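Report on the following structure.
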Amino acid sequence: MQDAPHPVIAAPHPADSPAYRKATLAGLVAAVRARWLWVVVAAVLALVAAVLWLRGAEYRHHVELRVAASPGSSGRSTNLGGLASLAAIAGVGTTVEATPFRLYLEDLTSPAAAADLARDAQAMRALLGPAWNGKDWQPPASLGERLATDLLGLHDDAAAPQGPLQLQAWLASRISVAQSERSPIVVVALDHPDPEAAKALLWRLHRLADARARIRTLERARRNIDHLDQRIGSVQELDHRQAMVATRATEQQRLMMTQNPAPYAAQPLGQPVASPGPTSPRPGLVLALALVLGVAAGVAAALLAGPVHKRTAP
């Protein structure tokens, strides 16, 4: 008597087979469809959070000041002044040329700029509002900062300056300087809730930085001239004497240039200009991003909850 043939048991689909992938995808889709309400709730919560954030957000205008190097300022080195020719004779060279225009750009957000700004109470109130009390800046904490402080015990000491000395860090973080190798124009920009205060700030920083560049060159030229006047009479070698005489003439020209009332280091191309409306945050972009994140969170929660088991009739 022959044994009855054993029933053939289908082997499970390998993980890389199309049938297995199709079944897995179908299971994921079924899990999301069965828990579609989770996705809707997550998307609604994300949109509500975005709306609440937008209501308390600080809407900022974009303000720009376009400047270019004044004629000759990009090539007037202040490293050695007019003594560069004498340094060349001695075989001494420099790798970085600190021109007045480069120093002007660095001065826009320098500690000296912050110190000059902090001494003007009217400018500080226009820029920072009632949070500036004349000595310290204590801006009101946002909702997120209050939660982080009260619930988590976190303190962000670098979030905002607490006095004139830290104002320089705020200037460096808010003011951007955009340069291009293809254009001689440099764009100095600031994002601020008050466009008029931002325009006044950029113009003030421009004037102060240009004045410091002028004073720096003036003092250097005077010291160089005094030094050359003391040394010319004691130099015996003819080549060195001629070089020193030519250098003194160059320094005298530099001194005369600093007395010109025209902008010395940077030539502004008009007054600062503000955007017609706020540029950040953008409500449409924030809401769209919140919707995408909410849907993604709902789908992830539906998948992490596991597969859906169908109920069978008893």
Side-chain angles (χ1 to χ4, degrees), residues 49-68 101-102 104-118 120-133 136-146 148 156-180 183 185-210 266-290:
V51 171
L52 293 178
W53 181 81
L54 287 172
R55 291 186 62 181
E58 182 182 69
Y59 289 84
R60 300 176 182 177
H61 295 255
H62 186 73
V63 182
E64 290 185 353
L65 173 63
R66 301 165 67 87
V67 298
F101 186 64
R102 289 183 180 179
Y104 159 85
L105 296 177
E106 294 293 333
D107 259 337
L108 290 174
T109 57
S110 65
D116 288 337
L117 186 64
D120 191 337
Q122 183 177 1
M124 293 299 296
R125 290 193 184 96
L127 180 64
L128 306 177
W132 179 262
N133 61 12
D136 299 321
W137 178 22
Q138 296 290 345
S142 63
L143 176 61
E145 293 171 345
R146 291 197 300 268
D156 187 5
D157 296 333
Q162 301 301 316
L165 296 180
Q166 287 74 31
L167 183 59
Q168 186 266 338
W170 184 87
L171 291 175
S173 64
R174 289 293 187 94
I175 295 178
S176 62
V177 178
Q179 306 182 61
S180 175
S183 174
I185 299 176
V186 176
V187 179
V188 183
L190 169 64
D191 292 331
H192 194 270
D194 188 348
E196 296 302 323
K199 290 192 291 186
L201 173 64
L202 287 184
W203 189 250
R204 181 185 182 90
L205 292 177
H206 155 72
R207 293 180 58 189
L208 291 175
D210 192 78
Q267 177 67 47
L269 305 180
Q271 295 287 327
V273 179
S275 58
T279 57
S280 65
R282 299 179 181 179
L285 181 60
V286 172
L287 293 176
L289 182 59

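Nothing here was measured: the structure is a model prediction, and the numbers come from that model. One-based numbering along the sequence shown.
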Exercise for review: Please check if the side chain of Gln168 supplies one atom and the backbone of Thr109 the other of a donor-acceptor pair under 3.5 Å.
Suggested key: yes

Check your understanding: So among Arg174, His61, His62, which one has a side-chain hydrogen bond (donor to acceptor under 3.5 Å, both in side chains) with Asp191?
Key -> His62

Study note, to complete from the structure: Shortest non-hydrogen pair, Lys199 vs Pro272, comes out as CD-O, 3.3 Å

Practice item. Could you go through the side chain to side chain contact (heavy atoms under 4.5 Å, CB included) check for Leu65 and His206 one step at a time? Key: CA-CA 9 Å; Leu65 173 63; His206 155 72; 3.8 Å; yes

Review point. Should Pro281 and Tyr59 count as side-chain neighbours, where that means a heavy-atom distance under 4.5 Å?
Key: yes

Check your understanding: Under a 4.5 Å cut-off applied to non-hydrogen side-chain atoms, are Val186 and Val177 in contact?
Key -> yes

Study note, to complete from the structure: Tightest non-hydrogen contact, residues Ala198 and Val63, listed as CB-CG2, 3.6 Å

Point to revise | Over all atoms of both residues, closest heavy-atom pair of Asp210 and Tyr104 | key: N-CD1, 3.7 Å

Practice item. Only one of Val188, Val273, Ile185 passes side chain to side chain contact (heavy atoms under 4.5 Å, CB included) with Arg66; say which it is. Key: Ile185

Point to revise | Heavy-atom side-chain contact between Gln179 and Leu105 under 4.5 Å | key: yes

Review point. Is the CZ atom of Arg204 crowded by more than 12 outside heavy atoms at less than 6.0 Å?
Key: yes

**Study point:** Non-neighbouring partners of Ala200 that pass side-chain contact (heavy atoms from CB on, under 4.5 Å), sequence neighbours left out
**Key:** none

**Study point:** Exercise: identify the closest heavy-atom pair between Trp203 and Gly270
**Key:** CZ3-O, 4.0 Å

Revision key, fill the gap. Closest non-hydrogen contact found for Asp107 with Ala209 is CB-CB, 3.8 Å

Study note, to complete from the structure: Scanning both residues in full, the closest heavy-atom pair of Pro193 with Pro195 reads O-CD, 3.3 Å

Check your understanding: Going through the distances and angles, do Ile175 and Leu205 end up as a side chain to side chain contact (heavy atoms under 4.5 Å, CB included)?
Key -> CA-CA 11 Å; Ile175 295 178; Leu205 292 177; 3.3 Å; yes

Check your understanding: How many angstroms lie between atom CG of Leu201 and atom CG of Asp194, to the nearest 0.5 angstrom?
Key -> 11.0 Å

Point to revise | Residues, nucleotides or ligands: over 12 heavy atoms within 6.0 Å of Glu58 CD | key: yes

**Study point:** Side chain proximity check, Leu208 to Leu117, heavy atoms < 4.5 angstrom
**Key:** no

